[in-house]
Undergrad: 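Pasting a structure here, questions to come.
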Amino acid sequence: SQQGEEDPQALSIQEGENATMNCSYKTSINNLQWYRQNSGRGLVHLILIRSNEREKHSGRLRVTLDTSKKSSSLLITASRAADTASYFCATRVYGKLTFGQGTILTVHP
Amino acid sequence: DTGVSQDPRHKITKRGQNVTFRCDPISEHNRLYWYRQTLGQGPEFLTYFQNEAQLEKSRLLSDRFSAERPKGSFSTLEIQRTEQGDSAMYLCASSPPGTSGSSSYNEQFFGPGTRLTVL
């Protein structure tokens, strides 16, 4: 079963705007990761945040983690049409990843 | 291309038939994972291997499913007596050796998937 839920399920924005996606999970975790999936392509790892971290940056990506609320957010700044994809959060407990249902992001040029 | 490869990319079969998928991980990655993804959902974990040892199996992996990694390199996933509910994208991923504190240990590299359609 899915570990968490993502919000919103779909997000449509204009190029240059920021996009924020949220993820909630249910159990204790080692770390939380965000992946992107383009139509017809495999999943690509974007960023990882450990359970003892609260915020992390990578290029235009900013991820936060609140373990007390069991939630995380992914912010993509200055979005581009190429950012159009599905975004998934995934929590790691031991070996496996448990994914959320994903947010479909559409960035209009 | 040195990424994870999967074969075939698409498979159409009739209900009741057996199918086998292959995954070739990135060279020197000792961990290999299988996931299943249905339309509009995130991937769901099926099983994973460390070298040739199968360390965990999901309850989703019914008796009709079997996975092997005989030499600790490529892996196969077989589905026997396929059902329409087995229609999905089957994803393979691999990750390198390392300690839990290293980023490389945690990131999983995914293949393009095998899309199975059971008629």
Side-chain angles (χ1 to χ4, degrees), chain A residues 1-10 21 23-53 56-58 61 63 65 72 74 85-104, chain B residues 1 3-6 9-10 23-26 29-51 53-61 89-115:
Chain A
S1 62
Q2 301 290 310
Q3 161 74 296
E5 298 178 358
E6 295 186 58
D7 171 56
Q9 291 188 334
M21 289 160 267
C23 164
S24 62
Y25 58 93
K26 298 175 183 175
T27 65
S28 296
I29 59 173
N30 302 123
N31 61 66
L32 185 143
Q33 304 176 36
W34 285 88
Y35 284 79
R36 180 182 69 209
Q37 185 174 41
N38 294 94
S39 176
R41 292 179 144 182
L43 285 143
V44 175
H45 180 267
L46 294 177
I47 192 167
L48 176 152
I49 186 166
R50 301 184 191 286
S51 58
N52 61 353
E53 296 177 314
K56 200 157 184 185
H57 297 256
S58 176
L61 304 179
V63 64
L65 179 65
S72 175
L74 174 69
S86 293
Y87 291 81
F88 296 93
C89 67
T91 52
R92 183 186 175 118
V93 180
Y94 302 110
K96 68 184 184 185
L97 292 175
T98 304
F99 288 84
Q101 293 184 323
T103 294
I104 300 171
Chain B
D1 187 348
V4 177
S5 61
Q6 293 187 246
R9 294 291 304 276
H10 303 272
C23 171
D24 286 88
I26 294 172
H29 280 196
N30 64 336
R31 293 183 182 85
L32 186 147
Y33 311 81
W34 285 100
Y35 294 85
R36 181 173 71 186
Q37 185 177 24
T38 54
L39 197 62
Q41 301 293 316
E44 293 180 295
F45 170 79
L46 293 178
T47 188
Y48 94 96
F49 294 83
Q50 180 164 304
N51 301 312
Q54 189 172 19
L55 296 188
E56 188 174 348
K57 290 169 60 174
S58 164
R59 285 172 293 177
L60 293 174
L61 218 64
M89 178 76 84
Y90 290 83
L91 298 167
C92 176
S94 67
S95 63
T99 63
S100 59
S102 66
S103 295
S104 62
Y105 171 87
N106 288 286
E107 179 181 347
Q108 295 185 13
F109 296 79
F110 282 81
T114 294
R115 182 169 296 283

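So that the names make sense, note that chain A is the first sequence line, chain B the second, and so on, each numbered from 1. Just so it is clear, the model here is predicted, and its values are computed rather than measured.
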Undergrad: Using 0.5 Å steps for rounding, measure from the NZ atom of B:K57 to the NZ atom of A:K96.
TA: 13.5 Å

Undergrad: Can you tell me if A:I104 has over 12 outside heavy atoms packed within less than 6.0 Å of its CD1?
TA: no

Undergrad: For residues B:Y35 and A:L97, determine if any side-chain heavy atom of one lies less than 4.5 Å from a side-chain heavy atom of the other.
TA: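 Side-chain contact under 4.5 Å: yes.
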
Undergrad: Is it the case that more than 12 heavy atoms not belonging to A:Q9 sit under 6.0 Å from its CD atom?
TA: no

Undergrad: Would you mind checking which part of B:Q37 comes under 4.5 Å of any heavy atom in chain A, side chain (CB onward), backbone (N, CA, C, O), both or neither?
TA: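 The side chain, not the backbone.
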
Undergrad: Minimum heavy-atom separation for B:Q108 to A:H45, with atom names?
TA: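 Here B:Q108 and A:H45 meet closest at O-CB, 4.4 Å.
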
